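Scroll down for the structure; my scribbles are underneath it.
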Protein chains: 2
Amino acid sequence: MSEAADIAPVDGLLGQGDEVGTVAKFFRALGDPSRLRLLEFLLDGERSVSDCVAHIGLSQGRISTHLACLADCGYVHARREGRWCYYRVTDPRVAELVMLARALAADNCTALDACERIDAPATAPRRM
Amino acid sequence: MSEAADIAPVDGLLGQGDEVGTVAKFFRALGDPSRLRLLEFLLDGERSVSDCVAHIGLSQGRISTHLACLADCGYVHARREGRWCYYRVTDPRVAELVMLARALAADNCTALDACERIDAPATAPRRM
DNA sequence: TCATAGTATCCGTCTTGGCGAATATGTGCA
DNA sequence: TGCACATATTCGCCAAGACGGATACTATGA
């Protein structure tokens with residue numbers, strides 16, 4: 001088995017080997033409609049957790065977890081101010097990534113929608 | 001930054017509403033280490049299913065399903081030639097997407113790896 | 001100090017989906 | 001026409017993880 005056990009996944013320097021799991025995790029973070037919706041909401045600007053709860057419509061606990069997840073993955077950054085916690089997208093490449101994926105998905109949305117091998121959890125409010 | 005609502009899907013078929021589920025599905029396709037590994041393998045050039053089985057090490061059935069999934073999502077294109085089926089990445093933006101994600105993930109791989117809210121299923125076998 | 005409000009974490013439940021193995025489909029060749 | 005090979009599909013099993021609700025944590029204000 002080709003494995004890159006010798007390539008150390010150090011910050012800022014991902015080799016070609018074990019990184020796959022890490023990058024997959026990174027992608028998976030956006031593979032959930034609720035988190036993606038959340039991220040797109042934050043692309044508009046900084047928002048508090050309460051703002052997000054109001055906008056997305058999930059329970060506060062769920063939103064908090066999703067935000068923490070996005071933060072862990074490096075998509076957003078948290079800023080505490082008293083009792084409030086504000087989240088925002090800091091890296092412009094995040095918007096780039098989302099736009100690129102949107103464009104690619106749009107070019108294939110018929111097949112994508114029809115694909116039954118993957119069915120993103122129909123969580124969140126199903127469309128409005 | 002006020003663009004999230006203005007990004008027009010190229011294809012025109014994706015609105016702002018239900019698109020989130022579609023794009024999430026798109027991301028989720030790369031959220032599995034096996035599929036991501038597969039895609040990166042195909043970024044190197046056209047490969048047959050057998051090539052992929054040999055390279056990835058999963059069962060043939062699994063590989064076939066993963067490839068079909070990547071094809072449905074528009075990441076790769078299948079070309080039949082007799083009994084063989086060759087898969088390849090046609091859109092250069094796919095490589096762009098992967099590279100962008102890699103760079104972002106690399107900048108945050110410590111936190112990413114530590115994030116227990118998402119645990120991408122380890123590649124082939126289970127974690128040890 | 002206590003009450004309150006904003007946020008984070010824990011827990012039980014239930015669905016998604018990845019896995020190998022078995023099997024079906026399809027193509028080329030004798 | 002039947003066998004062999006390449007690929008696709010189906011099935012049962014089981015873990016990841018998304019959900020709401022309950023609860024813990026923390027900062028502000030009285």
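A quick note: this is a predicted structure, and the numbers were derived from the prediction, not measured. Chain identifiers are assigned alphabetically (A, B, ...) following the order of the sequence lines, protein sequences preceding nucleic acid strands; residue numbering begins at 1 within each chain.
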Closest contact, heavy atoms only, L38(B) versus C52(B):
CD1-CB, 3.6 Å
Would you mind checking if R28(A) and D32(B) are paired as a salt bridge, meaning a charged N to carboxylate O distance below 4.0 Å?
no
Separation of atom CD in E116(B) from atom C1' in dA15(D), rounded to whole Å:
16 Å
What is the distance, rounded to the nearest whole Å, between atom CG of D32(B) and atom C1' of dT16(C)?
12 Å
In Å, rounded to the nearest 0.5 Å, how long is the span from OG of S34(A) to CG of L67(A)?
11.0 Å
Find the distance R47(B):CZ to dT7(D):C1' and express it as a whole number of Å.
18 Å
Distance check: side-chain N/O of S34(B) vs OP1/OP2 of dC19(C), anything under 4.0 Å?
yes
Donor-acceptor pair (no angle test) under 3.5 Å: Q60(B) side chain, dA6(D) base
no
Would you mind reading off the distance between I118(A) atom CD1 and dG18(C) atom C1', rounded to a whole angstrom?
10 Å
Need one value for S48(B): base, sugar-phosphate or nothing, where a base atom within 4.0 Å counts as base even if backbone is also close, heavy atoms only.
sugar-phosphate
First of Y87(B) and R117(B) reached from the 5' end of DNA chain D, by closest nucleotide
Y87(B)
Residue R28(B), side-chain heavy atoms: nucleotide from dC19(C), dG20(D), dG17(C) that is nearest:
dG17(C)
Note: R102(A)-E40(A) ion pair, threshold 4.0 Å (strictly below):
yes
Euclidean distance, atom CG of residue L67(A) to atom P of dG6(C) [Å, nearest integer]
16 Å
Looking at dC19(D), dT7(D), dC19(C), which one has an atom nearest to any side-chain atom of L58(A)?
dC19(D)
OP1 or OP2 of dA8(D) sitting under 4.0 Å from any side-chain N/O of T65(B)?
no
In whole angstroms, how far is the P atom of dT16(C) from the NE2 atom of H66(B)?
18 Å
Which listed nucleotide (dT7(D), dA18(D), dC19(C)) is nearest to the side chain of R35(A)?
dA18(D)
What's Y86(A) touching, base or sugar-phosphate or nothing? Going by heavy atoms closer than 4.0 Å.
nothing
Think S59(A) has a side-chain N or O under 4.0 angstrom from the OP1 or OP2 of dG20(D)?
yes
On DNA chain D, compare the nucleotides closest to R62(A) and R83(A); which residue's is nearer the 5' end?
R62(A)
What integer distance in Å separates R80(A):CZ from dA27(D):P?
7 Å
From C-beta outward on W84(B), which listed nucleotide comes closest to its side chain: dT16(C), dA8(C), dA6(D)?
dA6(D)
Which pair of non-hydrogen atoms, one from A103(B) and one from R93(A), has the smallest distance, and what is that distance?
CB-NH1, 3.8 Å
Distance, rounded to the nearest Å, where L38(A) contributes CG and dT7(C) contributes C1':
14 Å
